[in-house]
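To start, the structure itself, in structure tokens.
When a ligand or atom number is given, it counts from 1 through the structure's own listing order. Model, not experiment: these values are computed from the prediction.
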Amino acid sequence: MASTAAHDSRLARLIGTSAPFREQVDRLARVAACDSRVLISGETGTGKELFAQATHYLSPRAPRPYVAVNCGAIPVELVESELFGHVRGAYTSALSSREGLVPEADGGTLFLDDVDCLPAPAQSKLLRFLQENEYRAVGSNTVRHSDVRVIAASNRNLLELAQRGSFRHDLYYRLNVLKLNLPSLRERREDIPLLAAHFARLFAQQHKRAASALTDAAVAKLTAHDWPGNVRELQHVVERAVLMAAGSRLDAGDMDIDAGERDGGAADAGAGHPTTAAEESFRAAKARMVAQFERGYIETLLSKASGNVTRAARAAQKNRRAFFALMRKYGIDAQQFRSGL
Ligand SMILES: Nc1ncnc2c1ncn2[C@@H]1O[C@H](COP(=O)(O)OP(=O)(O)O)[C@@H](O)[C@H]1O
Ligand SMILES: [Mg+2]
């Protein structure tokens, strides 16, 4: 188990004092100590990956590997091989064998991000692995064993997907042992000033800029926005402000929130009550869907183009700069699509 000081410093990286957020952080501390599977839900940019990492590093598995994979970013036909490995000759293109991420994570934690994107055959294979802790590499008859704690995340309602038949029910129940449910940023608006100040300090230091204090007007503008891209979107707005600000303080005019997402009425966001789609304003719901679509679209193209931005932009019929701007908006790094097969 991590020492108390390390424990505290890990938790201190999770910024936010609002009740719905603290509730999840408190849960996280307890979840980490159990060796069970965890399902993390929450909109894009709410901190699912951050919570997954914290769960691992606060757990007794901390000294062992933490392996993260975005299930939506791997070409469909390569998912099983990516997870479980393959032997030489398993495909015509498989000139050598390859270890999968499951053996790589042995003794540690495997984080399956966007788990709803797993194609059906990979879902079945994962289910078998979760039942038996055993698997076979693609093209191999040898049964292998691996001791892996699986943490899965999704920004979609997995139960609903299971009911509609696009996600296996039995897999859903296997993954959903312990649950973390991260609130959207508009459900914890009181954390916005804190997060904004944190990112302003961080990026001012990183980019060696003097202006790191926010004016009241800037804070008010940030607090009024609906943040369909959640903390990630806020982080990018503040980083842009730090880079572009002319004055000695970050003012409302420096906070360039995308016009398409500029706030109308706030979503009905009672603290502690997750806003369901039906309670959300039309504008907020639409912005959220657009953000989800844009992110998924860009990641799919990058994945198909193996991380080649020029090719991905061409496929989208967008120029490279516009495509880069979208990548930045969602904090997507082309590098993560370059590794692998
Ligand atoms: N509570 C928080 N405190 C500090 N940084 C956060 C917090 N939540 C999210 N972030 C930052 O916001 C970005 C998006 O978080 P991430 O975990 O990738 O979200 P998700 O996986 O839900 O899309 C990351 O850079 C992360 O470090
Ligand atoms: Mg994520």
Who gets closest to atom 5 (N) of ligand 1 by heavy atom: D113, T46, L182, L50?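 It is L50 that holds the nearest heavy atom.
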For atom 26 (C) of ligand 1, which candidate among Q53, R232, Q235 provides the closest heavy atom?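 Looking at heavy atoms only, Q235 sits closest to atom 26 (C) of ligand 1.
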Output field: ring centroids F84/Y135 closer than 6.0 Å: yes
Centres of the F51 and Y57 rings: under 6.0 Å? no
Please confirm whether F51 approaches ligand 1 to less than 4.0 Å, judged on its heavy atoms.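 For ligand 1, residue contact (heavy atoms, under 4.0 Å) with F51 is absent.
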Quick one: does L234 get a heavy atom under 4.0 Å from ligand 1? no
For atom 21 (O) of ligand 1, find the nearest protein heavy atom and state the residue, atom name and distance (0.1 Å precision).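 Checked against all protein heavy atoms, atom 21 (O) of ligand 1 sits closest to E49 N, 3.1 Å.
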What protein heavy atom lies closest to atom 10 (N) of ligand 1? Include the residue and the distance to one decimal.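 The protein heavy atom lying closest is V231 CG1, 3.4 Å.
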Do F111 and V67 pass the side-chain contact (heavy atoms from CB on, under 4.5 Å) test, and can you show the C-alpha distance, the side-chain angles, and the key distance before you say yes or no? CA-CA 6 Å; F111 175 50; V67 176; over 6 Å; no
Counting only nitrogen or oxygen atoms and a 3.5 angstrom limit, does G45 reach ligand 1?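 So ligand 1 has an N or O lying under 3.5 Å from an N or O of G45.
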Salt-bridge criterion met for R128 and E132 (N-O under 4.0 Å):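 Judged by the 4.0 Å cut-off on N to carboxylate O distance, R128 and E132 do not form a salt bridge.
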Show the atoms of ligand 1 that are less than 4.0 angstrom away from any heavy atom in [X].
{"X": "R13", "answer": "3 (N), 4 (C)"}
{"X": "I15", "answer": "1 (N), 2 (C), 3 (N), 4 (C)"}
{"X": "R188", "answer": "1 (N)"}
{"X": "G47", "answer": "8 (N), 9 (C), 15 (O), 16 (P), 17 (O), 19 (O), 20 (P), 22 (O)"}
{"X": "F199", "answer": "5 (N)"}

Exercise: do N230 and T46 side chains pair donor with acceptor under 3.5 Å: no
May I ask you to check whether over 12 heavy atoms, not counting those of Q206, lie within 6.0 Å of atom CD? yes
Would you mind reporting whether E43 and K48 have side-chain heavy atoms less than 4.5 Å apart?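 No - every pair of side-chain heavy atoms lies 4.5 Å or more apart.
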Donor-acceptor check, side chain of N308 to backbone of R311, threshold 3.5 angstrom: yes or no?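 The answer is yes, because a donor-acceptor pair under 3.5 Å joins these two groups.
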